[in-house]
Amino acid sequence: MTDQRSDVRIAFINQKGGVGKTTLALNCAAGWARLGFRVLLIDLDPQAHLTLSLTPSLEESSLERIEIDTIEAALRREKSLSECVFEVPKEGFSLVPSHIDLSGAEGELSQELGRELLLRDALASVDDDFDLILLDCPPSLGLLSLNALAAADEVVVPVQAEYLALQGMAQLMKIIQLVQERLHPDLKWNAVVPTMVDSRTRLSRDVVEELRIHFPDQLTRTLIPSRVKVAEAPSFGLSIFGHDPHGPAAGEIEDLCQELVEKLSLTLPERDVVI
Ligand code: ADP
Ligand code: MG
């Protein structure tokens with residue numbers, strides 16, 4: 001691509017549900033915001049778990065438009081994506097919300113010419129405002145996920161360290177490859193992150209070992225353990241840094257964010273510091 005974008009877009013994708021995509025995207029957004037990146041988190045899942053997880057932290061005044069100024073409105077081009085950005089002041093990043101109606105929109109939009117590029121086009125209205133744009137994908141490889149892959153620079157695949165963890169990975173790799181061949185040759189896939197790891201169990205250790213064999217270049221050093229505090233945080237509308245900033249889970253997310261800065265070659269743009 002020849003455009004001069006200043007943002008890096010990262011799709012958190014795995015067509016399996018419940019593997020930790022939303023939780024990881026939210027916590028990485030908070031971790032990267034703490035490192036100084038201007039982060040936008042986009043909820044692409046009609047189930048809107050990310051949106052629901054952050055709603056308690058939104059400003060009272062913005063709540064009345066949370067079901068109107070959504071990613072659906074932006075994909076339908078009823079709104080510019082920049083009009084659908086909500087600040088999450090406690091966390092220091094921003095959100096584009098989703099809504100259950102997005103599932104209907106996915107069907108309708110699939111009739112459109114250029115349907116895989118709707119998100120990429122919509123992002124043009126925000127690319128100067130953010131350094132990192134994180135795309136929280138739905139648990140499927142339908143049109144919304146294709147839009148995420150077509151718009152992304154990097155793919156992060158969270159994999160739950162559990163029985164059948166690798167099931168579906170071949171299909172996901174095939175889709176990424178097809179997107180690279182047909183839509184977006186610059187799409188990179190540099191990270192596989194084991195989530196909900198319980199290193200006391202043999203199964204968890206075996207899954208990480210298997211991931212190491214299949215994805216030696218992508219597998220992150222940092223493993224994300226299963227932690228009660230991580231599971232609790234969204235019920236308070238917070239990331240792990242807001243909920244338990246000094247606990248071990250915050251340190252693990254911090255390590256992962258740092259590792260991904262290197263692995264994905266993320267650079268913090270120089271900015272004049274306003275004091
Ligand atoms: P996905 O977006 O892939 O469907 P979620 O992020 O919603 O997955 O996570 C599925 C469930 O697992 C949620 O209930 C979430 O709280 C829990 N979970 C995710 N990551 C962790 C973790 N590191 N420790 C404990 N629970 C987790
Ligand atoms: Mg999710």
Side-chain angles (χ1 to χ4, degrees), residues 8-29 31-32 39 41-45 47 49-50 116 119 132-181 183-198 203-226 230 252-253 255-266:
V8 176
R9 303 162 181 183
I10 307 171
F12 286 70
I13 192 165
N14 185 332
Q15 71 273 36
K16 272 196 190 181
V19 299
K21 293 181 289 295
T22 299
T23 308
L24 194 66
L26 193 165
N27 284 324
C28 283
W32 280 323
V39 183
L41 197 44
I42 299 186
D43 190 352
L44 278 173
D45 187 349
Q47 292 178 78
H49 287 169
L50 178 63
E116 292 95 352
L119 179 62
L132 300 177
I133 297 183
L134 314 189
L135 309 169
D136 180 29
C137 294
S140 71
L141 292 174
L143 183 61
L144 293 165
S145 292
L146 281 178
N147 265 270
L149 291 173
D153 301 292
E154 291 279 353
V155 173
V156 170
V157 181
V159 178
Q160 187 177 3
E162 208 203 44
Y163 180 57
L164 296 179
L166 273 79
Q167 193 213 27
M169 288 295 276
Q171 192 194 5
L172 176 58
M173 285 163 65
K174 198 166 146 202
I175 293 282
I176 292 173
Q177 203 181 344
L178 274 177
V179 170
Q180 287 168 329
E181 284 169 14
L183 289 173
H184 184 7
D186 296 332
L187 178 65
K188 296 189 194 71
W189 173 27
N190 283 320
V192 168
V193 182
T195 59
M196 291 179 256
V197 176
D198 180 351
L203 176 61
S204 240
R205 289 198 303 271
D206 285 353
V207 169
V208 173
E209 228 13 77
E210 219 178 325
L211 288 171
R212 206 183 306 283
I213 291 164
H214 284 86
F215 309 105
D217 300 328
Q218 286 91 355
L219 186 71
T220 53
R221 283 189 314 275
T222 314
L223 313 177
I224 299 301
S226 192
V230 170
E252 287 146 10
I253 296 291
D255 290 348
L256 181 71
C257 285
Q258 200 67 57
E259 182 180 353
L260 290 177
V261 162
E262 290 157 35
K263 222 170 166 43
L264 312 186
S265 307
L266 309 178

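Remember, predicted model here, so these are calculated numbers, not experimental data. Start at 1 with the first residue, then count along the sequence.
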> To the nearest 0.5 Å, how far apart are CD1 in I133 and CG in L41?
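One gets 10.5 Å once the value is rounded to the nearest 0.5 Å.
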> Look up atom CD1 in I42 and atom CG in L119, then write down how far apart they are to the nearest 0.5 Å.
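It comes to 5.5 Å.
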> Are the side chain of D153 and the backbone of R9 linked by a donor-acceptor contact shorter than 3.5 Å?
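Checking the backbone N and O of R9 against the side chain of D153, a donor-acceptor pair under 3.5 Å is found.
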> Side chain to side chain contact (heavy atoms under 4.5 Å, CB included) between V159 and V19: does it pass, once the steps are laid out?
CA-CA 6 Å; V159 178; V19 299; over 6 Å; no
> Are V192 and T220 close enough, and set up right, to give a side chain to side chain contact (heavy atoms under 4.5 Å, CB included), and what steps lead you there?
CA-CA 6 Å; V192 168; T220 53; over 6 Å; no
> For the backbone of Q180 and the side chain of H184, can you confirm whether one donor and one acceptor N or O come within less than 3.5 Å of each other?
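Checking the backbone N and O of Q180 against the side chain of H184, no donor-acceptor pair under 3.5 Å is found.
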> Kindly compute the distance separating CG (L135) from NZ (K21), expressed to the nearest 0.5 Å.
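Spacing of CG (L135) from NZ (K21) equals 13.5 Å.
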> Looking at side-chain heavy atoms only, is the closest gap between L219 and P194 below 4.5 Å?
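Yes, their side chains come closer than 4.5 Å.
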> Should L141 and L146 count as side-chain neighbours, where that means a heavy-atom distance under 4.5 Å?
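When only atoms from C-beta onward are counted, L146 and L141 do not touch, as no gap falls below 4.5 Å.
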> Rounded to the nearest 0.5 Å, what's the gap from CH2 on W32 to CG on N27? Could you check?
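With rounding to 0.5 Å, CH2 (W32) is 11.0 Å from CG (N27).
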> Answer whether the closest heavy-atom distance between the side chains of V207 and E162 falls below 4.5 Å.
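No, too far: nothing below the 4.5 Å cut-off.
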> Rounded to the nearest 0.5 Å, what separates atom NZ in K174 from atom CD in E181?
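Here the interatomic distance stands at 10.5 Å.
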> Taking atom types as modelled and ignoring hydrogens, do the side chains of E259 and T222 form a donor-acceptor contact shorter than 3.5 angstrom?
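Their side chains do contain a donor-acceptor pair, which is all the 3.5 Å distance test asks for.
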> Heavy-atom distance under 4.5 Å between the side chains of D45 and P139, does that happen here?
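Contact flag for D45/P139 side chains = yes.
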> Of the non-hydrogen atoms in C28 and L256, which two are nearest, and what is the gap between them?
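Nearest heavy atoms, C28 then L256: SG-CD2, 4.0 Å.
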> Given side chain to side chain contact (heavy atoms under 4.5 Å, CB included), test I176 with V155 step by step and report yes or no.
CA-CA 9 Å; I176 292 173; V155 173; 4.0 Å; yes
> So, do I253 and L24 sit near enough that their side-chain heavy atoms are less than 4.5 Å apart?
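Yes, at least one pair of side-chain atoms sits under 4.5 Å.
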> By side-chain hydrogen bond (donor to acceptor under 3.5 Å, both in side chains), which residues pair with E252, not counting sequence neighbours?
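R227.
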> Kindly give the heavy-atom pair with the smallest separation between A161 and V197, and that separation in Å.
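Heavy atoms only, the tightest pair is CB-CG2, 3.8 Å.
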> If every non-hydrogen atom of L264 is compared with every non-hydrogen atom of A191, which pair is closest and at what distance?
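Minimum heavy-atom separation between L264 and A191: CD2-CB, 4.4 Å.
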> Excluding sequence neighbours, so at least two apart, what forms side-chain hydrogen bond (donor to acceptor under 3.5 Å, both in side chains) with Q258?
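For Q258 there are no side-chain hydrogen bond (donor to acceptor under 3.5 Å, both in side chains) partners, ignoring immediate neighbours.
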> Is there a side-chain contact between N147 and L44 in this structure, where contact means two heavy atoms from C-beta onward sitting under 4.5 Å apart?
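No, side chains not in contact.
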> Using modelled atom types only, decide if a donor and an acceptor are shared between the side chain of K16 and the backbone of L166 within a distance under 3.5 Å.
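Not at all, since once roles are kept as given, no pair shorter than 3.5 Å links the two residues.
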> Assess the side chains of D136 and T22: does a donor N or O sit below 3.5 Å from an acceptor N or O?
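Note: D136 and T22 side chains meet the donor-acceptor criterion.
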> Any donor-acceptor pair under 3.5 Å linking the side chain of S226 with the backbone of M196?
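No, S226 side chain to M196 backbone: no donor-acceptor pair under 3.5 Å.
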> Please report the shortest heavy-atom distance between W189 and E154, naming the atom on each side.
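Shortest heavy-atom contact: N-OE1, 4.4 Å.
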> What's the shortest heavy-atom distance between K263 and D217, and which atoms?
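Shortest heavy-atom contact: NZ-O, 2.7 Å.
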> Supply the atom-to-atom distance Q160 CD to T195 OG1, rounded to the nearest 0.5 angstrom.
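Here the interatomic distance stands at 5.5 Å.
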> Quick one: side-chain hydrogen bond (donor to acceptor under 3.5 Å, both in side chains) partners of E116, sequence neighbours excluded?
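If we apply the side-chain hydrogen bond (donor to acceptor under 3.5 Å, both in side chains) test to E116, skipping adjacent residues, there are no hits.
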> Please report the C-alpha distance between C137 and L144 in whole Å, then the side-chain angles of each, then the deciding distance to 0.1 Å, and finally whether the side chain to side chain contact (heavy atoms under 4.5 Å, CB included) criterion is met.
CA-CA 7 Å; C137 294; L144 293 165; over 6 Å; no
